[in-house]
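Throughout, a chain's letter reflects where its sequence line sits, starting with A, and its residues are numbered from 1. Note: hydrogens, waters and symmetry copies are ignored here, and every other heavy atom, side chains too, is used.
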Amino acid sequence: MEDALPAFVLHSEASHSGTMNDAPANSSVDSDEQLMLAFARGANGAFNTLFERYRQPLFGFFRRRVADPAHAEELAQETFLAVLRGASRYQATALFRTWLYAIAFKILRAHRRKAAFRATFLGAPTEIPEPAAAGSLDVEVMMRQAVRALDAIDREVLLLREFEQLSYAEIGSLLDLPLNTVRSRLFRARMALHALLAPTAANVKEAL
Amino acid sequence: MITAAHPVAAEQLMALLDGELPSDEALAVSAHLEHCAECAELAGQFRGVSRSLAGWVVPEVPPAIEANVIAQAAAPVKAGRAPIFRVSNWKLWAVGGAVAAGLLLLVLPSLFVSHKRPQMLMVQPASQPYTASQPVAQQPPLKLDQLASGGFAAATRAPGVAGDSNGLFHSVHEQSVPDEAVALKAGTIGRAVNGRSDRLTSLDSSTTPTAPMIARTVDLNIMVRDFPAARTALDAIVLRHHGYSAHLSATTTDNAPRILQDSLRIPSTEVASAVSEIKSLGRVVGESQSGEEVTQRHADLAARLQNSRETEQRLRDILAQRTGKIEDVLQVEEEIARVRGEIEGMESDQKTLEHRVDFASVDLYLNEEYKEQFGTPSTPASTRIGNAFVTGLRNAASMLLGMVLFIEEAGPVVLIWLLILGVPALLVWRRYRRMRARI
C-alpha cells in the first residue's frame, strides 16, 4: 500500500518498549534485498549482515510458535540453511523478509505435519512441555495459553502482525488470504485476545 | 459497524493504528477518533493488546545457531546453493528405478513368449539336424520353397522328437519318418504323400502305413501395391493349380487399405509351386507353415473300418443263412443298422482326413499398400458430421449406462469397504487434526 501512513500509533509504542516486536532495525545503507543479491554473487559478508538482522526475529518466530525451545532452535537454523541453499534462486521481486518468512512457514508446517504424524501413529508426546520444565516465564505461559485459544489462522495473522511486523498484504501473500480477510481476522483476533487477557489484567491489578 | 452517528468501522480504526489505511481515509478516521470517545476506547483496547503481547519476550538466540550458520555460509563450496539433487530425491529415484525394473521383469517374459510361439511352427533346416535337447525356438525357419528343393527330404531324415504324433500343430521336422520318405525330391512331396494316402485307402486293412500322411497348413501375409491385379492373379493361380477358395472375405473402406482374407485349398502336390507364386504377388510380411501327421489316425480309422465291415458282413450272413424268431431277426437288423452307421461315420472321417492330406490349407491375408488419395470422399461431410454426432450421443449414453451399471454392481462392495476402512481412517484423521492443532 504505497500511500499508507506509517504505523505511528501502535508501533510507536512498540519502539518505545523495545521488546514489542522482533522486526530488524534496518538502518543500514544496504537493503535486505541488496545484501541477498550480493550474497548470491559470492559476498559472504552480506549474509553475515543479514543474519545479524534476522537471527533474533526468526528465532522469535519459531520460539513463539513451537513450545519446545530445542525444536525452535533447530527450525531457525534450518531456515537459515535453506536461505543459504536457495540463495542462487533468490530474485528481488519480493521483499527479503517476505521470502524469509515464507521459507520459515514452509519449514514450520513440515515440522507440524511430522510432529502430528508421530503423535497420531506413534503416540509420541505432543509439544506441550510443562512451563517449569521449559523454563518459561509467567507472562510467556499466559500469552501462550491465550494465543492458543485463538483460531489457528487468526493466531497466525495476529502473530505475523504484532511480532514480525508484516503488512496486511504480506500476511495475505504468506497465508494465501485476501486483504479484507486478513483485516477482519486480525480484528477478530485482537478482540478475542483482549477478552481473554482482560480478566487476567484485572486480577493482576487487584493483587497489586 | 458504520452508522450515521458513527461513520467509522472498528476495522478501519484498527487499520489506521496499523498504518494500513490510504491517506485520505486515514485523515477522515483520525479526525473522527479525536472526537469519538467510543472509538478512543476501542483504540485503547487495541493498544492494550499490543502492550500485553509486548511482554512476551523470547530469549536470545543460542550461540550454537550462529556458529553453525556462519560456518555454513563461509564454507568454500556452499553445499546446496543449487540443490539439483538432494538425498531425498535420490531415494525417490531409487524407489522409482526399482519399480520400473520390477515392471520390466514382469513384461519381458510375456514379450519373449509371444515372439517365440510363431517360430515353433517353422520348418527345421536340413543343415541342422534336430535334437531333443535343442530348443526349437533357436532354429532358423525354413521356407516352403527351400523345403521343396530338398530340405524336406533331409529334414525328414533327421531324428524326430519323441512326442505326441496326434498334436495339432507339429513342425514337419518333429515327425519321425521312415526311410522311404527320404527318396522324396523337390516337387514330389505332395504327390508322394498323396500316393501313400491312396495306397492306405485302397489297402483298407490293418497294415501299418510306412510313410507319413501330413495335413499341411500355410499362413501367408502379403502386402501388395496393386490390389485388383493381385486379386486377379490370385484367382488365376488358384485355378491353375486346381485349388479352390474355402472362405473368402474382402474389406474395402474409404480412405483405408483394402484387405482380402482367403482360405484356400490347394492340392498337396502343387502347394509348393502355388505358394511360391502367391508370394510373388507382393512383399511377404508374414509366413508360417505347419504340418500335422495323421498317419496313425488314418491307420486306426482304416483298421476300425475294416473290422466294422467284416462285422457287417457276418451279420448279413447270419441274416441270410439262419432262421429264427422274428425278434431275433429284428435284433440282427438293428445291429446291422448300427454297424452301418458306424461305417458311414468312419468313412466320412476318413475322407475328411484324406482331403486334408490331399489339399493343403493356405490361409492368405492380402493387404494393400495404401496411398492416400485426393478427391472428395464418398460420404458427404454433412452425413459424416451427423453420424459422428449420433455416435457421440450413443457413446455418451452407453458410458452413462455403464457407469450406472458399475455403481449398481460395485456399489455395495465399495460401501462395505468404505465402512471397514473409512471409519478407522476417519478416526485417525480426527486424531491427526487434533494433534496438529495442539502443536
If you measure from CD on B/Glu66 to CZ on A/Phe59, what distance do you get to the nearest 0.5 Å?
13.0 Å
A/Arg161 vs B/Glu20 side-chain heavy atoms within contact, under 4.5 Å
yes
Quick one: CG on B/Asp18 to CG on A/Leu166, what's the gap to the nearest 0.5 Å?
11.5 Å
Using non-hydrogen atoms only, which part of A/Leu186 is less than 4.5 Å away from chain B: side chain, backbone, both, or neither?
both
Turns out that what part of B/Leu42 lies under 4.5 Å from chain A's heavy atoms comes down to side chain
Using modelled atom types only, decide if a donor and an acceptor are shared between the side chain of B/Arg431 and the backbone of A/Ala119 within a distance under 3.5 Å.
yes
Close side-chain approach of B/Trp56 and A/Arg144, heavy atoms under 4.5 Å:
yes
Test your reading of the model: is there a side-chain donor-acceptor pair from A/Gln56 to the backbone of B/Val61, 3.5 Å cut-off?
yes
So, for A/Val147 and B/Leu53, which heavy atoms are closest and what is the spacing to 0.1 Å?
CG2-CD2, 4.4 Å
Partner of B/Ile65 under side-chain contact (heavy atoms from CB on, under 4.5 Å), chosen from A/Glu78, A/Glu74, A/Arg55, A/Gln77:
A/Gln77
I would like to know whether B/Gln45 and A/Arg190 meet side-chain contact (heavy atoms from CB on, under 4.5 Å); could you show each step before the answer?
CA-CA 9 Å; B/Gln45 290 178 7; A/Arg190 278 175 168 152; over 6 Å; no
B/Ser52 vs A/Met142 side-chain heavy atoms within contact, under 4.5 Å
no
At their closest point, which heavy atom of A/Ala116 faces which heavy atom of B/Tyr432, and how far apart are they?
CB-CE1, 3.5 Å
Side-chain donor-acceptor pair present, B/Glu11, A/Ser184, cut-off under 3.5 Å:
no
Heavy atoms only: give me the nearest B/Val428-A/Thr120 pair and the separation to one decimal.
O-CG2, 3.7 Å
Which bit of A/Arg188 comes within less than 4.5 Å of chain B, counting heavy atoms only: side chain, backbone, both or neither?
neither
Do A/Phe80 and B/Asn68 touch side chain to side chain, with heavy atoms closer than 4.5 Å?
no
Please report the shortest heavy-atom distance between B/Val49 and A/Leu193, naming the atom on each side.
CG1-CD2, 3.7 Å
Within 6.0 Å of CD in A/Glu52, more than 12 heavy atoms from elsewhere
yes
So how far is it from B/Gln72 CD to A/Arg85 CZ, rounded to the nearest 0.5 Å?
8.5 Å
Can you tell me how far the CG atom of B/Leu13 sits from the CZ atom of A/Phe187, to the nearest 0.5 Å?
8.5 Å
